Amino acid sequence: MCIYKACANKCTSSKLSPGDSLYGFEISIFTNMVNMDFNRIYKRWEHQLGAPFLKYGALVSRYPWHVMVACITVNCLLGAGMLLMETETDPEKLLAVETSQSMRDRAIVDSIFTEDKSGSNFFTKSLTWESHYADIIFKSKNGSNILTQTFADEIEKIHNFIMYNISITSNGTRLNLLNVCALRSGHCVVEGDVIFREAFRTAMDMKNITFPLFNYEYLSWTFGDAEVSDGYLHSASMMRMVFYLRQDTPIMAELSSAWEKRLDEVLGTYPSSILDMTFSTSRSVDDELEKVIIADIPLFVLSMVMMLVYAGFATSGGNCVSDRQNLSRAGVIATFLSAVGAIGLVSAIGVKFVVTNGILPFLIIGIGLDDMFILLSCLADCSTKRSIEDRIKETMRTGGVSITITSVTDFLAFAIGVTVPIGAIKNFCVYAGVTVILCYLNQLTFFVPCMVINERRVSRNNHCVTCRPVKTAEELRVEGKSYCNTICCSGQPPKNKKDNESPLETYFKIPFQHMVRNPKGKVVILLLFIIYLSATIYGLMHFERGLRLSYLVKEDSIPHTYYELFENYFTAEYAVGFIITTAMNYSDVSTQNRINEMLSNARADRDVNTDITYSWLTDYKKSLFYNDASETRFIAGLKAFLILRIDHANDVVFSSDGTSIVGARFYILTKDIPESKDQGDIMVRMRDVAENSPLPVVCFSWPFVFFDEYAYSFQITFTTIGMAIAAMFVVTLIFMPHPLLLACVTATMVLISAGILGFMYYWELTLNAITMINIIMSIGFSVDFSAHICHAYITVDGHTREERVHRAINRSGGPIINAAMSSIIGIVSLAFTTSYVFNSFVKLMFLVMVFGLAHALLFLPLLLSLIGPLMDEKPATTPIDSKIYIHAIDLKADIEINGNCYRKEEEVDNVSLTLKLDVPANGTTITSL
């Protein structure tokens, strides 16, 4: 583009009328509108928003070192808070819905059944909290049937080793499993020890093991990959054995946890020639999550190195003076300081660090470098003839507003995420929100001062590495210096934007520009958009929700192998309790009928086992102890009955004087429900059964604390997305008060969010607490790129929509592409991890960047080129207050307009120039010089 300035030369003139053309000129006359349109309102409002940034630019231009040192000092002080960091790895605190009905119901149940029975009469069906346990899966090495005497003997040998040889030391005393195991009738509770009993061994030899019930013991969850026919178990290649541990006192819970840790250390190396063993304990997920938190530190270091390299390459260009690579690396350092300061600050105020926070450093790299590239682009747009202070002021006036829009939207997305009542999401969003704010402030207080310092160096013609004055290449060649010396030791300040643009900034945006302007390109964009919408809709129709425990541990870990076998080969059946919460007369026939009706309604569900019901009332009525002559005799007979039937003893609570029943539990058993969606659905249906009963009853099973997240993940997600989009709408309205642009940005947010959800299906990702974090994050990112292109469109000059789109991409396309590329490169290192947390982040971050890039540089420019806002045009009817717009394309000559000469000053690019002059519309004379 040719830039012209006035000169004193006299030229031969020829008179042109509006609309005529000469030597590539085309003249259009626009008259000022009396009424203010949205474009002018927008520009006036933007000027007001930019005023504070302009003043800040003046301040930092004068005192860059002071501002930068203060920034570094504050971030280091905040980073010291990392010394107070505490981690949270409890799956329930991370994944359960804190305000869920299951939490409220459990509090009610615990207020009635107050005694922990793990030290006296342990039964899993009566648990309200996850117990301490060690769960071992035995699998024959060759996949053969494990139901043989040889395998049974080997399993018993391993069982005895676990019982007696794995021990811990407490206060100088050696304790083995016998000292910490959960007890029932004075014996350790080991689920699966039925295989050692004589009756089972005999039935195994006779091949007549009844299934799923064998001598009143339920075998369904004991044997995996089972072959069953006609009610008999014929073969199984795997079996589970669960060792339950005491937790009835804090001391016993601590000892049980220590024994679990010792089991992890010892059992993994136990030699067996015919069996493979894999296992999990109640602390396995906690331990693996801690390993994931520690394991991401080297990955972050690798990512930082990659980003320093990429940032340097993305801004490479120009010569030894104008080169901006060190300046871009300063942007990476500013981002790193943000992560350190934010983690330290939030840790200091007591918010625990969770495994999902491990993605923060990788996330903030993308946000920080997005801001950096925008500021660099705005600085490059400033005229090199102006002073450093003026260039920084103008950069801050335009770029400051732009990065503020994106930072505020990112922050609000995470601020809304804090309202999600799931620990992993809430903690992550607290850390992420603070990190975004610090990143924004660091760009202003660290990177902008670095820009000032770099501009000072350039103005002194100092080398970008040595900071010593250098000569131009021409001067060195005249002095006879070598080619290598000339390349490495010469330079001069840039005269225009192209002088220091990198190939990434110069060429990568050109295909997008041509595609949007070319009719065939527009058709291709529309086809791509239709394909995108179709794929999104199909993905949403097949969208799934749920979270498996195997997702929480690394793929190369022992617990992951265990969970894979458990989820694929063993049944997932759950005892669901119906708890009557107030004192009632259970000898009353009407009360008994209501209980039976409620249990019958529950058993009528398609996912409930109709053959098994745990009802002390039913069994009591069948016993010889039953007496309903009076409530007193009913209770006396019940107490005698419960002495013999200890399996029901935990399910009845008597008043303090023993004269009434103040709480009672009844259970149904579900069928195999392996899928999270179905688990959440049956929980909801069983709650409906309880609510429809006239009895004062709640429905609860301890896995419900996780099922609530499965059942209501859609509701939580879409509520959060709706709130976030509404907040983004308000922010966009404040910063870009133009109805059409507001509609474009909002539509882009909705489309990208829908695309993320839909394409999760193709990535085989489900909606859960971990992926929900990425969805919340994507809302902020979906605004960033679209806001940049819309802001550029409305602020650039141009009398046609296509021209404004062209220039908007020219201004923001490079930063947008660099921001997307830097984000993708920043997460590349995570693609090689075996953690579901990181892998899902990589996949969804990739989708966010690709969709954000496509919408910002293809779909949105196409939309703006068709219906984008323009200044109102009217033919000139009077020469008063008229303006001439002259468009010069690749024009090399000087020109004269009405006797004023305009000489070509510099070559900026080969696009076009709009030269605006306040001259009368009629009688205008333009001459080529």
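Being a predicted model, the structure only gives us computed values, none of them experimental.
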Do [X] and [Y] meet the criterion of a side-chain donor-acceptor pair at a distance under 3.5 Å?
X: Thr89; Y: Thr87; result: no
X: Tyr563; Y: Asn568; result: no
X: Lys352; Y: Asn427; result: no

Above 12 or not: heavy atoms from other molecules or residues under 6.0 Å from [atom1] of [X]?
X: Phe846; atom1: CZ; value: no
X: Phe336; atom1: CZ; value: no
X: Glu567; atom1: CD; value: yes

Charged N-O contact under 4.0 Å between [X] and [Y]:
X: Lys677; Y: Asp681; value: yes
X: Lys522; Y: Glu802; value: yes
X: Glu98; Y: Lys93; value: no

[Y] and [X], any side-chain heavy atoms less than 4.5 Å apart:
X: Phe353; Y: Val346; result: no
X: Met103; Y: Glu92; result: yes
X: Met772; Y: Glu709; result: yes
X: Tyr710; Y: Glu675; result: no
X: Ser823; Y: Leu369; result: no
X: Ile775; Y: Met760; result: yes
X: Thr419; Y: Met723; result: yes
X: Pro861; Y: Ile809; result: yes

Reported [atom1]-to-[atom2] distance for the pair [X] and [Y], which is rounded to 0.5 angstrom:
X: Leu94; Y: Lys426; atom1: CG; atom2: NZ; result: 12.5 Å
X: Leu95; Y: Ile422; atom1: CG; atom2: CD1; result: 8.0 Å
X: Phe718; Y: Leu767; atom1: CZ; atom2: CG; result: 7.0 Å
X: His806; Y: Gln513; atom1: NE2; atom2: CD; result: 4.0 Å
X: Tyr712; Y: Gln101; atom1: OH; atom2: CD; result: 6.0 Å
X: Ile364; Y: Cys439; atom1: CD1; atom2: SG; result: 4.0 Å

Which atom of [X] lies closest to which atom of [Y], heavy atoms considered:
X: Cys744; Y: Leu863; value: SG-CD2, 3.7 Å
X: Leu741; Y: Cys790; value: CD1-O, 3.9 Å
X: Val516; Y: Leu862; value: CG1-N, 4.1 Å
X: Thr746; Y: Ile725; value: CG2-CG2, 4.3 Å
X: Gly368; Y: Gln443; value: O-NE2, 3.3 Å
X: Ser840; Y: Leu765; value: CB-CD2, 4.0 Å

Practice problem: Check each of Trp763, Phe841, Tyr551 against Tyr836 using the ring-ring contact (aromatic ring centres under 6.0 Å, His included) test, and report the only one that passes. | Solution: Tyr551
Quiz item: Phe707 vs Phe704 aromatic rings, parallel, tilted or perpendicular, using cut-offs 30° and 60°?
Solution: tilted
Without placing hydrogens or testing angles, list every side-chain donor-acceptor pair under 3.5 Å for residues 523-543, not counting sequence neighbours.
unit_1	atom_1	unit_2	atom_2	d
Tyr532	OH	Leu751	O	2.7
Ser534	OG	Ile530	O	2.9
Thr536	OG1	Tyr532	O	2.8
His542	ND1	Tyr538	O	2.9

Quiz item: Is there a side-chain contact (heavy atoms from CB on, under 4.5 Å) between Arg685 and Asp607 once you walk through the steps?
Solution: CA-CA 10 Å; Arg685 295 199 301 271; Asp607 288 326; 2.9 Å; yes
Would you check if the side chain of [X] reaches a backbone N or O of [Y] as a donor-acceptor pair within less than 3.5 Å?
X: Thr720; Y: Ile716; answer: yes
X: Asn774; Y: Ile770; answer: yes
X: Ser407; Y: Thr404; answer: no
X: Arg804; Y: Tyr793; answer: yes
X: Ser377; Y: Arg811; answer: yes
X: Thr771; Y: Thr766; answer: yes

Exercise. Using the side-chain contact (heavy atoms from CB on, under 4.5 Å) rule, pick out the option among Ile405, Thr398, Ile403 that qualifies with Val401.
Key: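 The side-chain contact (heavy atoms from CB on, under 4.5 Å) with Val401 is passed solely by Ile405 among Ile405, Thr398, Ile403.
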Self-check item: Val408 vs Val436, side-chain contact (heavy atoms from CB on, under 4.5 Å): CA-CA, chis, key distance, verdict
Solution: CA-CA 9 Å; Val408 170; Val436 167; over 6 Å; no
Exercise. Before giving the answer on side-chain contact (heavy atoms from CB on, under 4.5 Å), spell out for Ser100 and Val705 the whole-Å C-alpha distance, their side-chain angles and the decisive distance to 0.1 Å.
Key: CA-CA 8 Å; Ser100 65; Val705 296; 5.8 Å; no
Quiz item: Among all residues two or more places apart in sequence or in another chain, which pass the ring-ring contact (aromatic ring centres under 6.0 Å, His included) test with His788?
Solution: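 In terms of ring-ring contact (aromatic ring centres under 6.0 Å, His included), with neighbours along the sequence ignored, His788 is linked to no residue.
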Practice problem: Decide if the gap between the ring center of Phe428 and the ring center of Tyr431 is smaller than 6.0 angstrom. | Solution: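 No.
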Quiz prompt | Residue pair Phe785, Leu860: steps toward the side-chain contact (heavy atoms from CB on, under 4.5 Å) verdict | solution = CA-CA 10 Å; Phe785 294 165; Leu860 202 50; over 6 Å; no
